[in-house]
Structures are given as structure tokens and as C-alpha cells.
Amino acid sequence: MTKTSPADCPQSSPKATSPTGDPWPAPLASGPLQARVAIPGSKSLSNRYLVLAALGSRPVQLEGLLRSRDTELMMAALGTMGVVFQEDPQDPTLVTVLPPKSGRFTGGVTIDCGLAGTVMRFLPGLAMFADGPVSFDGDRQAYERPMRPLLDGLDQLGVRVDYQGREGHLPFRLEAPDDRSWLTDGPASVSIDSSSSSQFISGLLLIGSRLPGGLHLVHSGDRLPSLPHIRMTMADIKAAGGLVTMGEHGSWDVRPSALNLPDRVLVEPDLSNAAPFLGAALIAGGSVSVPRWPQRTTQPGGLLPGILQAMGARISRSDTGDLTVTAEGQIQGLGTFDLSAAGEIAPSIAALAVLAEGPSRLVGIGHLRGHETNRLAALETEITRIGGQAKELDDGLDIVPVDRAALHGDLMETYADHRMATFAAMLGLAIPGIRISNVGTTRKTIPDFTGMWTAMLGH
Ligand SMILES: O=C(O)C1=C[C@@H](OP(=O)(O)O)[C@@H](O)[C@H](O)C1
Ligand SMILES: C=C(OP(=O)(O)O)C(=O)O
């Protein structure tokens, strides 16, 4: 094991750079596919396990950890706050997390969130348990992402919040309350409107067990996206020995308890990142398999096989855990389809919808305007750019197929958004002449997207 101390952790933001030249000519599929693609670890699970391990009191070994920009940012941030990581020299995805012995995090530090929602929404809560103020900053583009509901929640727990730019946005500085005696009186009551991101709820649930009287959390908004991600947070807290329950009307109770994940935790592959690869089988025909597809999962990507089936794919599973998508190259439109549970796969579904035979109206995803970029605007612009037809709705995106002959290649923008890059690569399988600007932005959640993509195509 190589020991990494906070001082060894990269302090500057791991950047998403293009390894393959910019722009990248997206490869066309020359025929039906026959590929098996191993998908790296789940971003959402990796960053939850890193945070839960940091909140514990014993070493935890994570196996199959995603190593990409979002997890590097998380590890660098936790390292700055006093967590130590030991990485296996032969396998960087095998990492042991050693939480601070004192149970308190190092304050007086600045956290770089990059553009990672899981870093900017899961780490502010840890400032409650730091021995000094903690400042948060990130990419310029991250300044656009909503933060206020989380910080309002922390304010209700007595945290002093100082916005250093625009109110409700990064950058900001947090200082834990001096007087926490009232937190022992019973569960701390917090009420926030989490309709713009489920990550605010997850970020507060993650620290609820460490509050002396626990937490009673209420969501006051009229809709809540990405419920599977909230259930994932609850399942992971329970796996660490925490006690958390969800009420019927958007409320949660977390009992005070120690959090300790099992000594060794295996991270599932990122099922949302499987979407472009499995979707490729629908576009090009043939079959694509993904190994280690879990039988049961809390990931919203678990909904993917059903969605691809609705678009015309055949789905099969092997005894050895492969999930295989097989198709003939025809794609059915989805009609009106509520994607609120799995908004992060919307760009991949949108690419399929552009090439489908019937229309698709993706709804329940207005919150995508606060993702890495305004994804609804970005998808409309990029689909229109290549001759397709798409229209932003209040709550989603309307995609009407056009004749394939009307679709043409162009230089597609990615807006520093990994999923806009993989969306463009999917279209590039069927539309000649697509070039992708800054394809290296895929490093946010996939260490080597272009390598995996060309290998899938047999190039
Ligand atoms: O908790 C998580 O790991 C995530 C929750 C979702 O956020 P939103 O609820 O903001 O969509 C999802 O889109 C994001 O990619 C990851
Ligand atoms: C919305 C996403 O990421 P983040 O975790 O930065 O919110 C995403 O990966 O699609």
C-alpha cells in the first residue's frame, strides 16, 4: 500500500483534459457491434462511500472505487480535511480510507469542488464537525449550480454561512456553531425545498447520524427529482449501521448513531455511465454486454434496461452477471416519458430519441437546468445544430425525429459536461462528420472514455 497524506493529495483541481486532440472526430459504426465493455465504478456510490468512511472511526477498504475527476476531487477535499488514503500500488481502484482519529475534521481549509455535485453538496455538512471554518470553491461553471437549499439547511443547524460571491451559490465559507447544546435536546428539525436537486437531501442525511439528537428533515417543495439517489443514500447509511427512515410526505428521520461501513466494500459499476455503451447497440445494431451488472441496485441506472427495451432492444442476462443489449438498428420513440427518477441518463436517452422512428417527450427533468450545464438548453442547441428537431419544455425536452438524411455532422459543443460529450459520441455512430469539442470532459466520471469507445467499435 502507498500511503497518501493530506499533503500528498493534489491541491489543485484535477483538470479534465482531452487526451486525443481537440476536437475529437467521433467514430462512425461501420456495422453491427459485438462488444463487452467493463464500466468503471459508480460515481455516486464511490463518493458516498468515501464520505461515510470519513465519518466513521475505523479503516474501510473500497474495492472498485471510481478514479476520475469527481472522485479525485472528493479524495483531495477529504485529504485536506484530515482523512488519509492508502492506495494499492498495483490497483488504484483499491483504496483504504482512514478517518481522522479524533473524529474531527481539519478546519481553516478551502475545498475545491470542481464541477462535482456530489462534492459541493455532500461535503458542506462535514463543516459541522470541523475544528475551524471551511471554505468551498469550484469551477466558474459551478458558480451557476444551485446551493441555497443545502446551506439554508445548515443554517438551521446553526452553521454560519458567508457567501463570498452570489447569494445561494459557490464560493462560500462555513463555520460550525460554538453552542451545540440545543442539538442534544432531540432531533434537529430542518426544512428545505429540494426540488432543484436531490443532493441537498442526501447531503443532510449523510451527517444526520452524527448530530447528537439526530435529524428530522422535511422537503417542502412540490416535486423531488432523483428519488433513487436518495434511497441510495439511505441504503448506504444503513450499511454503515445508521438508522434512517423516510416518511410518506417527503420527510426523513435519522437517529444519532456511530457510522461504520463494513471493513471492505465493493463498488458496483456505474450503470448510468453504461448508458452510452448499451445505447450504442440500439444505434448500430448488434450487441453490447456489460459485466458485473448487479442483480439488485440502488442506482437509477438500474432503470436503463427497461427503458432500452421500451425503445426496441432485447435484454438478456448471463449466469456470470453480464447484461446484454441486442438490437437490429431500429429505435422506437418513447412517447411521453417521465425521467425524473433518472435525470442523469437523459442525455443518452435524448441521443437515442434523435435517431428514433417516433417522437419522445422527456418530462420531469426541469432540474437538469442546474446540472453541469443547462442540459435542456444544451440538448436543444446541439440537436438543432446537426439538423435534428428538439424543443425545451418547462419540465423537459421534446424530440421529434427527422429523416436521417437531414442529419449532418458538425462541431458539437460539450459545455464542460461529460454527458453532453457522450451524447455527441452516440450520435456520431450514425451521423458522419461529427466532431466533439473537449471530449476530455468525460474524465469527470470516466477515466478513459475515448479508449473504451474505440475498443467497443473494434478500432
Ligand atoms: O446523489 C447523487 O449521486 C446524484 C444525484 C442526482 O442529482 P440531481 O438530483 O441533482 O439530479 C444525479 O443527477 C447526479 O448525477 C448524482
Ligand atoms: C448531474 C450529474 O453530476 P453531479 O454529480 O455533478 O450533479 C451527472 O453526472 O449527470
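For ligands, and for the atoms within them, numbers begin at 1 and follow the listed sequence. We're numbering straight along the sequence, starting at 1.
- Just one of Glu382, His371, Gln141 meets the side-chain hydrogen bond (donor to acceptor under 3.5 Å, both in side chains) condition when paired with Tyr415; it is Glu382.
- Residue contacts with ligand 1 for Phe122 involve side-chain atoms from C-beta outward but no N, CA, C or O (heavy atoms, distance under 4.0 Å).
- Against a heavy-atom cut-off of under 4.0 Å, Ser197 is close to the following atoms of ligand 1: 8 (P), 9 (O), 10 (O).
- Within the listing of ligand 1, atoms 3 (O) sit less than 4.0 angstrom from a heavy atom of Thr118.
- Using a cutoff of 4.0 Å between basic side-chain nitrogens and carboxylate oxygens, Glu268 and Arg296 are not scored as salt-bridged.
- Of the listed residues (His229, His371, Lys43), the one carrying the non-hydrogen atom nearest atom 5 (C) of ligand 1 is His229.
- Within ligand 1, the atoms closer than 4.0 Å to a non-hydrogen atom of His367 are 11 (O), numbered from 1 in the order shown.
- A donor-acceptor pair shorter than 3.5 Å can be found between the side chains of His229 and Ser44.
- The closest protein non-hydrogen atom to atom 7 (O) of ligand 2 is Arg145 NH2, 2.8 Å.
- Close approach of ligand 2 to Ala116 (heavy-atom distance below 4.0 Å) involves ligand atoms 6 (O).
- For the 3.5 Å distance criterion, the side chains of Ser189 and His216 fail to qualify, holding no donor opposite an acceptor.
- Per-residue contacts place His418 under 4.0 angstrom from the following atoms of ligand 2 (heavy atoms of the residue considered): 8 (C), 9 (O), 10 (O).
- For the pair Asp322 and Arg36, the salt-bridge criterion is met [side-chain N within less than 4.0 Å of a carboxylate O].
- The shortest N or O to N or O distance between Arg48 and ligand 1 is under 3.5 Å.
- Where the criterion is an N or O separation shorter than 3.5 Å, residue side chain and backbone included, Ser196 fails it with respect to ligand 1.
- Near His371, meaning under 4.0 Å from any of its heavy atoms, are these atoms of ligand 2: 1 (C).
- For ligand 2, the atoms closer than 4.0 angstrom to any heavy atom of Leu115 are 6 (O).
- Set against the non-hydrogen atoms of Glu344, the atoms of ligand 1 under 4.0 Å away are 12 (C), 13 (O), 14 (C), 15 (O), 16 (C).
- Between the side chain of Gln61 and the backbone N or O of Val95, no donor-acceptor pair lies under 3.5 Å.
- Under a 4.0 Å criterion applied to the non-hydrogen atoms of Arg375, ligand 2 contributes the atoms 1 (C), 8 (C), 10 (O).
- Salt bridge status for Arg419 with Glu344: present, with a side-chain N to carboxylate O gap under 4.0 Å.
- Using a 4.0 Å cut-off between a side-chain N of Lys or Arg and a carboxylate O of Asp or Glu, Arg369 and Glu392 qualify as a salt bridge.
- Considering backbone and side-chain N/O atoms, Gly117 comes within less than 3.5 Å of an N/O atom of ligand 2.
- For Thr445, no heavy-atom contact with ligand 2 is shorter than 4.0 Å.
- The only option from Asp338, Thr336, Asp395, Asp398 that meets the side-chain hydrogen bond (donor to acceptor under 3.5 Å, both in side chains) definition with Arg361 turns out to be Asp398.
- In terms of protein heavy-atom proximity, atom 5 (O) of ligand 2 is closest to Lys43 NZ, 2.8 Å.
- The shortest N or O to N or O distance between Ser226 and ligand 1 is below 3.5 Å.
- Atom 3 (O) of ligand 1 has Ser44 OG, 2.6 Å as its closest protein atom, hydrogens excluded (heavy atom only).
- Distances from atom 7 (O) of ligand 1 to the heavy atoms of Gln199, Glu372, Arg419, Gln299 put Gln199 nearest.
- A donor-acceptor contact shorter than 3.5 Å links the side chain of Gln299 to the backbone of Leu271.
- Closest to atom 10 (O) of ligand 2, if we only count protein heavy atoms, is Arg419 NE, 2.6 Å.
- A salt bridge does not link Lys43 with Asp270: every distance from a Lys NZ or Arg NE/NH1/NH2 to an Asp or Glu carboxylate oxygen is 4.0 Å or more.
- Between Arg173 and Asp162 there is a salt bridge, with a side-chain nitrogen of the basic residue lying less than 4.0 Å from a carboxylate oxygen of the acidic one.
- Of the candidates Gln199, Glu372, His367, Glu372 brings a heavy atom nearest to atom 3 (O) of ligand 2.
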Check against side chain to side chain contact (heavy atoms under 4.5 Å, CB included), Thr442 and Thr450:
CA-CA 9 Å; Thr442 47; Thr450 53; 5.7 Å; no

